[in-house]
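Nothing fancy with the numbering, it's 1 onward along the sequence. Since the model is a prediction, treat every value here as computed from it, not as a measurement.
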Amino acid sequence: MPAPALVSPSLSRGAHPAARRTADWRTYAACIGLSDRAVFARDPEAALPALRACAICPVRRSCLEAVDPRRSWFDGVSGGRLWRNGQEVIQPTRPRAVRRQEQQS
């Protein structure tokens with residue numbers, strides 16, 4: 001279960017509009033409630049809150065598949081990684097929890 005500090009208990013704030021209508025993978029995303037500035041960050045430091053949420057997120061794989069950052073030229077955090085123009089941004093120091101999750105995937 002995601003940490004309560006990262007997940008909004010209700011979908012009234014921060015949830016994707018489609019998640020409000022149907023219970024899909026976005027309903028369970030650990031980034032619900034985070035600011036757009038963190039989720040769609042282009043800068044590694046600004047993306048840290050979203051990357052930390054990804055480290056404990058139960059739907060990382062679904063997020064990565066839905067966003068498909070390489071094809072969509074996505075800017076932001078998806079699947080536990082920071083993307084800029086569809087390319088993964090290599091971060092010299094990523095949060096330990098994020099690295100651990102990637103090794104298990």
> Which heavy-atom pair separates Ala47 from Leu82 by the least distance, and what is that distance?
Replying inline: CB-CD1, 3.9 Å
>> Before you tell me yes or no, could you show the steps for Arg81 and Leu51 under side chain to side chain contact (heavy atoms under 4.5 Å, CB included), namely the whole-Å CA-CA distance, both residues' side-chain angles and the distance that decides it to 0.1 Å?
In response: CA-CA 7 Å; Arg81 301 178 196 143; Leu51 290 169; 5.6 Å; no
> For Ala30 and Cys57, which heavy atoms make the closest approach, and how far apart are they?
Replying inline: N-SG, 3.4 Å
> Which atom pair, heavy atoms only, marks the closest approach of Val67 to Ser72?
Replying inline: O-OG, 3.1 Å
> Can you tell me how far CZ of Arg52 sits from SG of Cys31, rounded to the nearest 0.5 angstrom?
Replying inline: 15.0 Å
> Arg42 versus Asn85: any side-chain heavy-atom pair under 4.5 Å?
Replying inline: yes
> Does the pair Arg70 and Trp83 meet the rule for a side chain to side chain contact (heavy atoms under 4.5 Å, CB included), with working shown?
Replying inline: CA-CA 8 Å; Arg70 291 192 195 282; Trp83 300 88; 3.9 Å; yes
> Is any side-chain heavy atom of Cys54 less than 4.5 Å from a side-chain heavy atom of Val77?
Replying inline: yes
> Heavy atoms, side chains only, cut-off 4.5 Å: are Glu65 and Trp25 in contact?
Replying inline: no
> For the residue pair Gly79 and Cys63, what are the closest heavy atoms and their distance?
Replying inline: N-SG, 3.8 Å
> Taking NZ, NE, NH1 and NH2 as the nitrogens, is one of them in Arg84 or Asp75 under 4.0 Å from a carboxylate oxygen of the other?
Replying inline: no
>> Taking the side chain as everything from C-beta on, heavy atoms only, tell me whether Leu64 gets closer than 4.5 Å to Phe74.
In response: no
